[in-house]
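Sequence lines set the chain letters: A, B, ... in the order given, protein chains first and strands last, and positions in each chain run from 1. Scope of the values below: all heavy atoms of this structure, side chains included, with no hydrogens, waters or symmetry mates.
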Amino acid sequence: MPNSTEKHAPANFIRHMIDEDVSQNKWGGRFATRFPPEPNGYLHYGHAKSICLNFGLARDYGGQCHMRFDDTNPEKEEQEYVDAILDAVRWLGFDWGEHQFFASDYFDRLYALAEFLIQQGMAYVDSQTAEAMREHRGTHLIPGQNSPFRERSVVDNLDLFRRMKAGEFPDGAHVLRAKIDMASPNFNLRDPVLYRIRHAEHHRTGNLWCIYPLYDYTHCISDALERITHSICTLEFEDHRPLYDWVLDQLAPQLGWHPQQIEFARLNLTYVVLSKRKLIQLVESQAVDSWDDPRLPTLVGARRRGFTAAGFQLFTDRIGVSKADSWIDMSVLEECMREDLNLNAERRIAVLNPIKLIIDNYPENLQEDCFAPNHPLKPELGKRAIPLSKELWIEREDYMETPSKGFFRLYPGNRVRLRYAYVIECTHADYDANGQLLTVHAEYLPDTKSGTPGSDSVKVKGNIHWLPVKSVEACEVRLYDRLFSVPHPGTEQDFMLDINPHSKQIIQAWIEPALTGAQAEERFQFERHGYFVADRVDSHVGKPVFNRTVGLKDTWGKTHA
RNA sequence: AGGGGAGUCGCCAAGUGGUAAGGCAUCGGAUUUUGAUUCCGACAUUCGCAGGUUCGAUCCCUGCCUCCCCUGCCA
């Protein structure tokens, strides 16, 4: 739940419009938005922007955001998607209370209003084929032509429309059209179709209906019925607004409510694709494992990836809302997740690419507890003991036989601190016959144990993590990276060819025992690596599987990769 | 071509007739037992271009350029 310390979202043109409305008491103190997905697919990062916007405004203006499904196309929509969408919105932290609606709940009223339009001479039944309608629609240069059925009598129209509803005609035989202006420069006003015949089973109304209303007719009326004040949608609906207003103007006596449609620029993110068509292609071609693949920019994918609701909220506030087409770099989203995770994820140790380190001057059977804080920013979260002994696992990357310029970790003759333990000095390394690194050797400095007086009398630049060979657990870790290797997939070649071949790497890692009890979806920072989450599908207490959410910022690695 | 939109720092984004907020990124520097975090400092004589109005224009006017959306019985 939001609290007063939360940073208020920055000013934007929508908030200015609302402020103006409020100052003029345009809506009589009411404030209502809605999030209106079609239940025909999974929500993605772009929807998160819309969700945070609509629910965020409702929260800040003391109103309500309705959860509404735009389910007017029976052939594409399924209950499975309804459930997944609800789940995703809830996961993002929003609560719509009792305000859950379906456009299909309004089919009766929509139908009655359509009859009213017919009676007013504002709608007619057209019996042209789809092809004929297309031909008569005209082009940018040529105005459309009236349908030969445009002047049917009200009586005939009503009769036909009722018989359409009664199921007397096959799909496509007739449609109901608004009578507006076939010569309008705005195609949406060239007598748009309001209803079509579809003998298809609807996920909620079953076979009750065989005629279904279209978006332009349904959406504005749904908004009015729910007394929405601000109907916020994306830019491509901007030239639908005259139609939105036309329908509500015709129906003003019946509805008595006319929401304001406001359009904003949809999210464009680098290194991913957000179009439904492309996401489907990625899943169906098995380029990714499933709709909740952590690499996919779906919200279910984000959740498995370990992204957080707070991170999305931060992201939404950070990128703002405007009408300018813009591209947000993926690093902005990643940084928002780091920001949240840095504050909230406990620290643990994992060695992802192990090499053995032997401390030659450390007693064979000695074992000393070293204490690692669970969160450096929150000492109240306590510490845990990690037993130090002679043989340890360290990261392969922390050793270099011949160090490159600036490298200050392990190499013969150099000293580093074993995090939370002693300073050691590297002596040499063993290699096998093929020149493969086998073991790194070092000697420890007995007076330098962390936490003991004078322990930092020996200054070192490097600080590496480690795990005792004697007490580690093996664990599957999935290293996820960006799905595409170029910022704008599909510009140079087919977007499928831009897929990053290294976007998923499965490794066996050593983890500290404290990690084996991780609960599904529990998040940690693996020190010096990044943020990881126990996979909510494959992870089990006692046998966790971790997904890398995002790496730590790495200013050295970035320039020395 | 007709209609609808948009162009302010590398990326977002406020602002508005009175002389360019903020965030992110970047670059310095400090702290640091995560090459992380944190902290401090630097960072648009300029608001797509060209004219005009004005004492004064990113904001008003005119013309131009560039980009996005629109001819589903999808949403």
Side-chain angles (χ1 to χ4, degrees), chain A residues 7 10-13 16 36-38 40 70-73 75-77 126 128-130 133-144 171-177 184-190 192-198 211-212 214-216 218-219 233-242 263 265 270 276 317-329 331-332 335-336 338-339 342-343 347 349 372-373 376-377 406-409 416-421 423 448 450-451 455-456 460-465 525-530 551-560:
Chain A
K7 204 168 66 179
N12 61 51
F13 77 102
H16 287 313
E38 181 187 12
N40 71 341
D70 238 323
D71 57 346
T72 57
N73 189 350
E75 288 163 318
K76 292 186 175 175
E77 297 148 4
D126 195 350
Q128 295 182 102
T129 61
M133 272 184 62
R134 195 180 316 122
E135 281 161 22
H136 286 176
R137 189 152 25 235
T139 68
H140 297 295
L141 300 169
I142 308 161
D171 289 3
H174 309 280
V175 292
L176 183 71
R177 289 232 255 173
S184 173
N186 182 344
F187 287 96
N188 297 118
L189 298 180
R190 319 252 262 221
V193 173
L194 268 24
Y195 266 91
R196 82 293 213 177
I197 301 172
R198 274 294 171 284
I211 58 172
Y212 291 93
L214 276 86
Y215 168 85
D216 285 305
T218 310
H219 202 92
C233 59
T234 43
L235 247 30
E236 66 270 27
F237 290 103
E238 205 148 22
D239 45 21
H240 288 241
R241 184 163 14 109
E263 310 83 12
T270 59
K276 197 165 280 182
D317 291 344
R318 190 163 286 179
I319 64 177
V321 180
S322 76
K323 299 187 72 157
D325 293 312
S326 59
W327 282 87
I328 307 295
D329 197 273
S331 63
V332 176
E335 186 52 28
C336 288
R338 284 192 194 101
E339 213 164 304
N342 176 47
L343 248 37
R347 314 285 124 121
I349 312 276
L377 272 26
F407 182 83
F408 53 65
R409 273 114 81 174
V416 301
R417 177 174 291 280
L418 290 176
R419 202 158 161 71
Y420 310 126
V423 170
T448 59
S450 293
S455 65
D456 45 12
V460 291
K461 266 197 110 173
N463 199 309
I464 67 173
H465 63 277
Q525 182 198 99
F526 288 178
E527 295 199 33
R528 300 211 303 134
H529 282 303
L552 248 31
K553 206 182 284 179
D554 181 8
T555 44
W556 194 77
K558 212 191 287 183
T559 46
H560 294 76

Need the pair for [N]. Rule: Watson-Crick or G-U wobble, both distances under 3.5 Å, any strand; none if unpaired.
N	result
B:rU37	none
B:rA42	B:rU26
B:rC64	B:rG48
B:rA75	none

If you restrict it to nitrogen or oxygen atoms, what contacts under 3.5 Å exist between nucleotides 14-18 of chain B and the protein, and what is each distance?
residue: B:rA14; atom: OP1; partner: A:Val321; partner atom: O; Å: 3.2
residue: B:rG15; atom: OP1; partner: A:His16; partner atom: NE2; Å: 2.2

Please state whether the base of [N] and the side chain of [X] form at least one donor-acceptor pair under 3.5 Å?
X	N	answer
A:Arg409	B:rG35	yes
A:Arg347	B:rU34	yes
A:Asp554	B:rG35	no

If I take atom [atom1] in residue [X] and atom [atom2] in nucleotide [N], what distance separates them, rounded to the nearest angstrom?
X	N	atom1	atom2	result
A:Leu194	B:rC74	CG	P	13 Å
A:Asp71	B:rC74	CG	P	15 Å
A:Ile197	B:rG72	CD1	P	20 Å
A:Trp327	B:rA13	CH2	C1'	18 Å
A:Lys553	B:rU32	NZ	C1'	15 Å
A:Asp329	B:rC24	CG	P	15 Å

Describe the nucleic acid contact of [X] in one word from base, sugar-phosphate, nothing, applying a heavy-atom distance below 4.0 Å.
X	value
A:Gly451	base
A:Arg137	sugar-phosphate
A:Thr72	sugar-phosphate

Presence of A:Arg134 side-chain N/O under 4.0 Å of B:rG72 phosphate oxygens OP1/OP2: yes
Phosphate OP1/OP2 of B:rC74: any A:Arg198 side-chain N/O under 4.0 Å: yes
Between the protein and nucleotides 64-68 of chain B, which nitrogen or oxygen pairs come in under 3.5 angstrom?
residue: B:rC68; atom: O4'; partner: A:Asp325; partner atom: OD2; Å: 3.4

B:rG5: syn or anti, per glycosidic angle within 90° of 0: anti
Mutual orientation of the aromatic rings belonging to A:Phe237 and A:Tyr215 [parallel < 30°, tilted 30-60°, perpendicular > 60°]: tilted
Mutual orientation of the aromatic rings belonging to A:Phe407 and A:Trp556 [parallel < 30°, tilted 30-60°, perpendicular > 60°]: tilted
pi-stack flag for A:Tyr215 and B:rA75, centroid dist under 5.5 Å, interplanar under 30°: no
No-hydrogen, no-angle side-chain donor-acceptor test under 3.5 Å, A:Asp329 and A:Ser331: yes
CA sep, side-chain torsions, deciding dist, call: A:Glu238, A:Lys323, salt bridge (Lys or Arg N to Asp or Glu O under 4.0 Å): CA-CA 11 Å; A:Glu238 205 148 22; A:Lys323 299 187 72 157; 2.3 Å; yes
